[in-house]
Amino acid sequence: MRIHSIEAIPIEMPLGRNFGGSTYTVLKRCTVVTRMRTDEGLVSEVYNGDNREHGREIVRLIHDELAPRVRGRSLFEGERIWNELFALTHGTRDPKTLLEAIACVDCALWDLVGKAQGQSVCSLLGGHRSRLPIISIGGYYAEGKTHADIGREIEAYRRAGMAGCKFKVGGLTPEEDAKRVEAARDAGGRDFILAVDANRGWSAEDAVRFAHLVEPLDIRWFEEPCHWYDDALAMAEVRRRTTIPINAGQSEISSHGVRRLIAAGAVDIVNFDASEAGGITEWRRAAGLCQVHGIELAHHEEPQIAVHMLAAVPNGTYVECFPDPERDPLWAGFITNRAPIRDGIIELPQGPGFGLELDWDKVNKYRLDR
């Protein structure tokens, strides 16, 4: 069975307000839908990424650079295809965007292999379990937002079936953010999973100060605590000085970057993002590194693909999502057969590949190439 054609579609949906963290703003929800067809009529349906700036360029790279190298190839030579596409990064000044384009192609290929074999991507990757806890990403900063508002937000996540929340910090002083986290813990209760994410917002000293303030609150992990420029060394210092597990990896674009974090003693948990770093083929390498070093795995956003990857391995933790449809209208409305979420658990989607069926009326409404 061979690849016949590839269509990549850039999607952009405006959001009603800013959903930013400590170091960034989010005013639109963007992604790329990839449809890969075989010569026997199978079609992939998968979307990747939340790239707010380069969707059109990702699509151009897929159509002009990657598709000509992939058409006519067997579905079952994914490693060979991936390595040939990865070799293109050696000659580009923007490997990150190219790897995002490769991720779209790679994930579409995994979807088709699963459909061709009648198996889920989770099964292809190892099939360790069929369900996982799911947590919300939240705690966004907003002008005038009070601790009572934080409490109502956490209560809304519980009503939405979430097992916990990854809460934004790093945009205020350690003391101010610690009070915000305390409000979240009070609202969620002790059985509510609570992690914190600074998005590289603090120095090592500020991160340590914050960690000591929130240690009594049973924090599941402290994500990307330190500024980008020397993050591995700084996170290793924070990790030595707190009992809270340290999580990082979403800013890496290859498994080699994950190896760097592990070698520095910087992480207890890795949330390497397949859509940022070349797809599932490269994620699988990073996952193997983590498993042999006793490191847990999370995944940055992307519940539609992350559930398959994290459920496939014994060291997977939680699927992350945005249950608020104002933040992620894709997750809320683009998937017509979304897996059920009950009592903090998401079930593995039924059907081969990723098991996704997209609402093509909505895809066509928000595509940028028309």
Side-chain angles (χ1 to χ4, degrees), residues 121-135 137 163-164 166-167 193-200 204 207-208 210-212 214-215 217-226 230-303 305-320 344-346 348:
V121 171
C122 178
S123 294
L124 295 175
L125 289 169
H128 185 71
R129 72 198 95 175
S130 61
R131 58 208 308 262
L132 277 174
I134 185 167
I135 63 174
I137 305 170
K166 187 171 83 173
F167 193 87
I193 298 161
L194 190 60
V196 294
D197 181 5
N199 292 112
R200 294 175 156 185
V208 169
F210 168 81
H212 288 166
V214 300
E215 279 175 345
L217 300 178
D218 190 20
I219 302 302
R220 181 63 175 85
W221 70 63
F222 188 2
E223 186 170 322
E224 289 197 325
C226 299
D230 200 10
D231 61 339
L233 184 66
M235 286 191 297
E237 175 67 14
V238 175
R239 183 170 177 252
R240 283 192 292 270
R241 295 168 63 185
T242 181
T243 59
I244 302 172
I246 301 300
N247 182 337
Q250 75 177 59
S251 297
E252 303 301 333
I253 62 173
S254 78
S255 59
H256 304 277
V258 173
R259 183 184 63 192
R260 176 183 70 95
L261 296 176
I262 294 171
V267 287
D268 302 282
I269 304 159
V270 164
N271 65 336
F272 191 60
D273 186 334
S275 293
E276 297 282 336
I280 288 176
T281 299
E282 181 69 352
W283 176 89
R284 186 171 57 175
R285 299 183 183 105
L289 279 170
C290 291
Q291 187 167 348
V292 298
H293 285 89
I295 291 170
E296 292 183 291
L297 284 169
H299 192 279
H300 172 238
E301 301 182 24
E302 304 275 52
I305 62 172
V307 64
H308 286 269
M309 294 181 283
L310 296 178
V313 294
N315 51 332
T317 56
Y318 316 115
V319 177
E320 298 177 7
I345 298 294
I346 183 171
L348 191 73

Enumerate, atom names and distances included, each donor-acceptor pair closer than 3.5 Å involving a side-chain atom of residues 255-262, sequence neighbours excluded.
| unit_1 | atom_1 | unit_2 | atom_2 | d |
| --- | --- | --- | --- | --- |
| S255 | OG | E282 | OE2 | 2.8 |
| R260 | NH1 | D231 | OD1 | 3.3 |
| R260 | NH2 | E252 | OE2 | 2.6 |

Partner of P245 by side-chain contact (heavy atoms from CB on, under 4.5 Å), out of I295, I269, I219: I269
Side chain proximity check, L217 to L194, heavy atoms < 4.5 angstrom: no
Distance, nearest 0.5 Å, that separates CD1 of I244 from CD of E223: 13.0 Å
Closest approach of C122 to A312 (non-hydrogen atoms, all atoms of both residues): O-CB, 3.6 Å
Heavy-atom check, side chain of K166 versus side chain of I137, under 4.5 Å: yes
Under the ring pair (Phe, Tyr, Trp, His ring centres under 6.0 Å) test, residues paired with F222 that sit two or more places apart: F210
Step-by-step side chain to side chain contact (heavy atoms under 4.5 Å, CB included) determination, V208 to T242: CA-CA 7 Å; V208 169; T242 181; over 6 Å; no
Test item: W221 and D268 side chains (from C-beta on) under 4.5 Å apart, heavy atoms: no
Distance-only side-chain donor-acceptor flag, E302 / S275, under 3.5 Å: yes
Non-hydrogen atoms of A204 and V238 that approach each other most closely: O-CG2, 3.8 Å
Polar side chain donor-acceptor pair, D273 to Q250, under 3.5 angstrom: no
Working for side chain to side chain contact (heavy atoms under 4.5 Å, CB included), residues V267 and R239: CA-CA 7 Å; V267 287; R239 183 170 177 252; 5.9 Å; no
Of I134, D197, I135, the residue whose pairing with E320 passes side-chain contact (heavy atoms from CB on, under 4.5 Å): I135
Reference residue H299; test side-chain contact (heavy atoms from CB on, under 4.5 Å); the match among N271, L310, T317: L310
Contacts of Q291 that satisfy side-chain contact (heavy atoms from CB on, under 4.5 Å) - sequence neighbours left out: P314, N315
Distance-minimising heavy-atom pair for A311 and L132: N-CD1, 3.5 Å
Which atom of A264 lies closest to which atom of A236, heavy atoms considered: O-CB, 3.3 Å
Student check: side-chain heavy atoms of W283 and L297 closer than 4.5 Å: yes
Approximate separation, where rounding is to 0.5 Å, of E224 CD and N247 CG: 8.0 Å
Pairwise distance CE(M309) to CD1(I305) - rounded to 0.5 angstrom: 4.0 Å
For R129 against V313, the heavy-atom pair lying closest together: NH2-O, 2.6 Å
